[in-house]
Amino acid sequence: MRVQESYSEYPVRVVIVMGVSGCGKTTVGSQLAQRLGHAPFIDADSLHPTANLAKMTKGEPLADKDRWPWLLRVREEIGKAAHSLLDGRDSSLRSARTIVGSRESSGTQRMYVVCGCSSLKRSYREFLSRSDPDTSLEQLTHDTVFVYLDVSKTELLRRLGTRQDHFFNPKLLDSQLETLEPPDTTREAAINIYGEGSTESVVEDVYHRVASYIAKNSL
């Protein structure tokens with residue numbers, strides 16, 4: 001996975017907001033989706049199988065064998081959302097196609113899908129960025145950029161301590177931090193964001209950084 005150097009012909013841009021539990025993936029991602037013209041938002045946590053949820057609730061870290069089937073489902077849902085935008089079957093999705101600034105002022109029409117997913121390892125991000133191997137070139141729908149929310153352990157612990165009725169056991173934070181491979185923005189299509197400001201300021205920062213990144217890298 002690398003930064004695209006030529007103009008992409010894919011009509012849908014997928015923005016995956018990533019990081020460990022407590023970094024704000026769901027909050028920032030869902031609000032970013034609204035800013036991107038009410039784009040569809042996929043909460044990857046909601047796609048975990050029951051067995052994964054049970055393990056995390058008990059404070060047992062997930063292994064790769066637990067994550068790969070889940071990541072496959074996340075990738076499938078992203079693909080479905082992209083195809084729904086293109087097919088125009090859902091009227092609530094058809095408006096999700098404009099971002100201010102950049103090339104949009106010239107009338108270029110873009111559509112977005114936003115996903116909140118931990119995407120802790122580079123191999124996970126590469127997997128989510130690829131379409132199904134059986135997908136033909138004519139059926140490819142989207143490019144992907146990751147937004148990594150960088151939050152200190154102290155702040156993460158504070159946030160996790162205030163959560164109510166969430167399946168994630170705070171004891172798992174150390175395991176997630178050990179697994180985390182922050183994106184190398186020189187080698188991956190990714191943006192690193194300081195995530196400890198107010199929700200409004202972080203969303204605003206992400207919104208403008210995504211617009212700038214897409215313009216700069218011709219995604």
Side-chain angles (χ1 to χ4, degrees), residues 1 14-33 41-75 77-78 114-129 144-207 209-210:
M1 180 173 60
V14 174
V15 181
I16 299 181
V17 183
M18 60 158 290
V20 300
S21 187
C23 73
K25 298 183 294 294
T26 301
T27 301
V28 172
S30 59
Q31 293 191 27
L32 175 66
F41 175 70
I42 298 167
D43 181 3
D45 281 347
S46 69
L47 301 176
H48 272 296
T50 303
N52 283 7
L53 296 176
K55 287 187 71 171
M56 288 186 283
T57 299
K58 291 187 291 184
E60 299 177 11
L62 298 181
D64 275 356
K65 65 181 179 66
D66 303 309
R67 289 194 175 105
W68 284 118
W70 166 64
L71 290 168
L72 175 59
R73 188 176 178 193
V74 174
R75 188 173 75 175
E77 290 302 314
I78 289 172
V114 182
C115 175
C117 179
S118 54
S119 309
L120 298 178
K121 294 183 180 182
R122 183 176 179 183
S123 59
Y124 301 165
R125 297 189 289 274
E126 290 177 341
F127 178 80
L128 290 172
S129 296
T144 304
V145 60
F146 290 85
V147 176
Y148 168 50
L149 299 180
D150 188 5
V151 178
S152 69
K153 182 178 179 180
T154 298
E155 175 61 13
L156 291 168
L157 287 170
R158 186 195 68 78
R159 294 180 184 182
L160 293 175
T162 63
R163 278 182 170 179
Q164 300 292 327
D165 300 322
H166 194 278
F167 66 85
F168 187 83
N169 190 321
K171 294 178 181 179
L172 291 173
L173 179 59
D174 283 337
S175 174
Q176 280 205 338
L177 289 171
E178 290 172 4
T179 302
L180 174 66
E181 298 171 2
D184 178 351
T185 57
T186 66
R187 298 175 61 86
E188 299 182 61
I191 303 166
N192 291 347
I193 298 285
Y194 177 71
E196 293 191 28
S198 66
T199 299
E200 293 76 12
S201 65
V202 173
V203 172
E204 192 71 10
D205 190 16
V206 172
Y207 176 72
R209 292 280 298 279
V210 166

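We're numbering straight along the sequence, starting at 1.
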Original post:
Does Lys25 use its side chain to pair, donor to acceptor, with the backbone of Val20 at less than 3.5 Å?
Top reply: yes

Subject >> Residue from Val147, Ile78, Ile42 passing side-chain contact (heavy atoms from CB on, under 4.5 Å) with Ile16 >> reply: Ile78

Subject >> salt bridge (Lys or Arg N to Asp or Glu O under 4.0 Å) partners of Glu196, counting only residues at least two apart >> reply: none

**OP:** Can you sort out the partners of Thr154 under side chain to side chain contact (heavy atoms under 4.5 Å, CB included), two or more places apart, ordered by chain and number?
**Re:** Ser152

**OP:** Go through Gln176 and Leu180 one step at a time and tell me if the side chain to side chain contact (heavy atoms under 4.5 Å, CB included) criterion holds.
**Re:** CA-CA 6 Å; Gln176 280 205 338; Leu180 174 66; over 6 Å; no

Original post:
Is there a side chain to side chain contact (heavy atoms under 4.5 Å, CB included) between Asn192 and Asp150 once you walk through the steps?
Top reply: CA-CA 7 Å; Asn192 291 347; Asp150 188 5; 5.8 Å; no

**OP:** Decide side chain to side chain contact (heavy atoms under 4.5 Å, CB included) for Thr144 and Leu128; before the verdict, give the C-alpha distance in whole Å, the side-chain angles of both, and the deciding distance to 0.1 Å.
**Re:** CA-CA 8 Å; Thr144 304; Leu128 290 172; 5.9 Å; no

**OP:** Please identify each residue that fulfils salt bridge (Lys or Arg N to Asp or Glu O under 4.0 Å) with Glu155, with sequence neighbours left out.
**Re:** Arg158, Arg159

**OP:** Tell me, please, which residues at least two apart from Glu77 pass side-chain hydrogen bond (donor to acceptor under 3.5 Å, both in side chains).
**Re:** Lys80

Original post:
If you look at every heavy atom in Cys117 and Trp70, which pair is closest and at what distance?
Top reply: SG-CH2, 3.8 Å

Name every donor-acceptor pair, under 3.5 Å, that has one atom in a side chain of residues 60-67 and the other anywhere in the protein, sequence neighbours excluded.
residue : atom : partner : partner atom : Å
Asp64   : OD1  : Lys121  : NZ           : 3.3
Asp64   : OD1  : Tyr124  : OH           : 2.3
Asp64   : OD2  : Lys121  : NZ           : 3.4
Asp66   : OD2  : Lys55   : NZ           : 2.9
Asp66   : OD2  : Ala63   : N            : 2.8
Arg67   : NH1  : Leu62   : O            : 3.3

Original post:
Partners of Asp174 by salt bridge (Lys or Arg N to Asp or Glu O under 4.0 Å), sequence neighbours excluded?
Top reply: Lys153

**OP:** Begin from the C-alpha positions of Leu177 and Leu156 and carry the test side chain to side chain contact (heavy atoms under 4.5 Å, CB included) through to its verdict.
**Re:** CA-CA 11 Å; Leu177 289 171; Leu156 291 168; 4.3 Å; yes

